[in-house]
Amino acid sequence: KSVVELSVREADRAMRQISKRNLFVHCLSSTLCGLDVSIGETAFRAAMLKPLEHLIVIAKTLAPMYIRILCPHCGAGTYGNRVAAVDEHAPWLWDVLREAVDRIWDEGFWCIIENEIDATIIDGPDSAIDFFARIDRDFKVRFTWDVQNMWQVGTFPTIEVYEKLKPLISYYHVKGGRCETPG
């Protein structure tokens, strides 16, 4: 079940089990905001902000430090500077993201945004820097650098890429792995 789909009762039960084991929730990883901006502002707001209210209720029970949302997408087939594409075709997105970040912050949590694949707006270090500059919320929002996701959309992970992203990063997300065998 997605964390957004948890009932308050289920979150209470989960928190009892977490506490019983002397553990805690560091980040509540939602899939909120992982939408394509081409659905339009009204549909995007409805799909993002209403579930966010419930997620905050769940977060108050599970008490994480961070609430993760995903970087939105900007239309299949959109290449080049995707931040500029959003500026031109969906500038309302920045206000929606600011509203979400502020709402999360006002409830006592940091917002963290993770890059995705396909037509994600953050496809490299320059777009990440531009993306966070547009949100303009400094310390209220941080970046989860999903290395494999960025690699999959064309940016190979190097020390230089890391150095550019470092001021934004709170999480360095590495998953899976690959091994080449002969043949």
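None of these values were measured; they are calculated from a predicted model. When reading the values below, keep in mind they use all heavy atoms of this one structure, side chains included, and skip hydrogens, waters and symmetry mates.
- A donor-acceptor distance shorter than 3.5 angstrom exists from the side chain of Thr158 to the backbone of Val161, with no hydrogens or angles considered.
- At least one side-chain heavy atom of Cys33 sits under 4.5 Å from a side-chain heavy atom of Pro72.
- Ionic pairing of Arg103 and Glu107 is present here: one or more N-O contacts between side-chain nitrogen and carboxylate oxygen are shorter than 4.0 angstrom.
- Atoms SG and CG, on Cys74 and Asp87 in that order, are 11.0 Å from each other to the nearest 0.5 Å.
- Looking only at side-chain heavy atoms (C-beta outward), Ile129 and Leu168 come within less than 4.5 Å of each other.
- Pairing each heavy atom of Val4 with each of Pro51, the nearest pair is CG1-CB, 3.8 Å.
- Between atom CD1 of residue Ile56 and atom OG of residue Ser30 there is a gap of 10.0 Å, rounded to the nearest 0.5 Å.
- Annotation: salt bridge (charged side-chain N to carboxylate O under 4.0 Å, His left out) contacts involving residues 149-162, sequence neighbours excluded, are absent.
- Atoms CG and CZ, from Leu35 and Arg45 in turn, are 13.0 Å apart once rounded to the nearest 0.5 Å.
- Looking only at distances, no side-chain donor or acceptor of Thr120 sits under 3.5 Å from a matching main-chain atom of Ile117.
- Contact check for Ile121 versus Asp130: no side-chain heavy atoms found under the 4.5 Å cut-off.
- Two different hydrophobic clusters hold Leu32 and Trp110 under the rule that ILVMFWY side chains link at heavy-atom gaps under 4.5 Å.
- Residue pairs meeting the salt bridge (charged side-chain N to carboxylate O under 4.0 Å, His left out) criterion with at least one member in residues 4-32, sequence neighbours excluded: Lys1-Glu10.
- Here the side chains of His73 and Arg82 are not in contact, with every heavy-atom distance at 4.5 Å or above.
- In this structure, the side chain of Asn149 engages the main chain of Asn115 through a donor-acceptor pair within 3.5 Å.
- Once rounded to the nearest 0.5 Å, the distance linking CG of Leu62 with SG of Cys27 reads 11.5 Å.
- At distances below 3.5 Å, not a single donor-acceptor pair connects side-chain atoms of Arg142 with backbone N or O atoms of Ile113.
- Listed by chain and residue number, Arg68 satisfy the salt bridge (Lys or Arg N to Asp or Glu O under 4.0 Å) test with Glu114 (two or more places apart in sequence, or in another chain).
- In this structure, Tyr171 has its ring center closer than 6.0 angstrom to the ring center of Tyr66.
- At distances below 3.5 Å, at least one donor-acceptor pair connects side-chain atoms of His54 with backbone N or O atoms of Leu6.
- Checked against Trp94 for a ring-ring contact (aromatic ring centres under 6.0 Å, His included), the options Phe132, Phe131, Phe44 give a single hit: Phe131.
- Between the CD1 atom in Ile135 and the CG atom in Asp102 there is a gap of 10.5 Å [rounded to 0.5 Å].
- Counting heavy atoms from C-beta outward, Met150 and Leu165 have side chains that approach closer than 4.5 Å.
- Interatomic distance, CG of Leu93 versus CE of Met48, reported as 9.5 Å (0.5 Å rounding).
- Within the 3.5 Å criterion, the main-chain N or O of Val141 finds no donor-acceptor partner in the side chain of Trp105.
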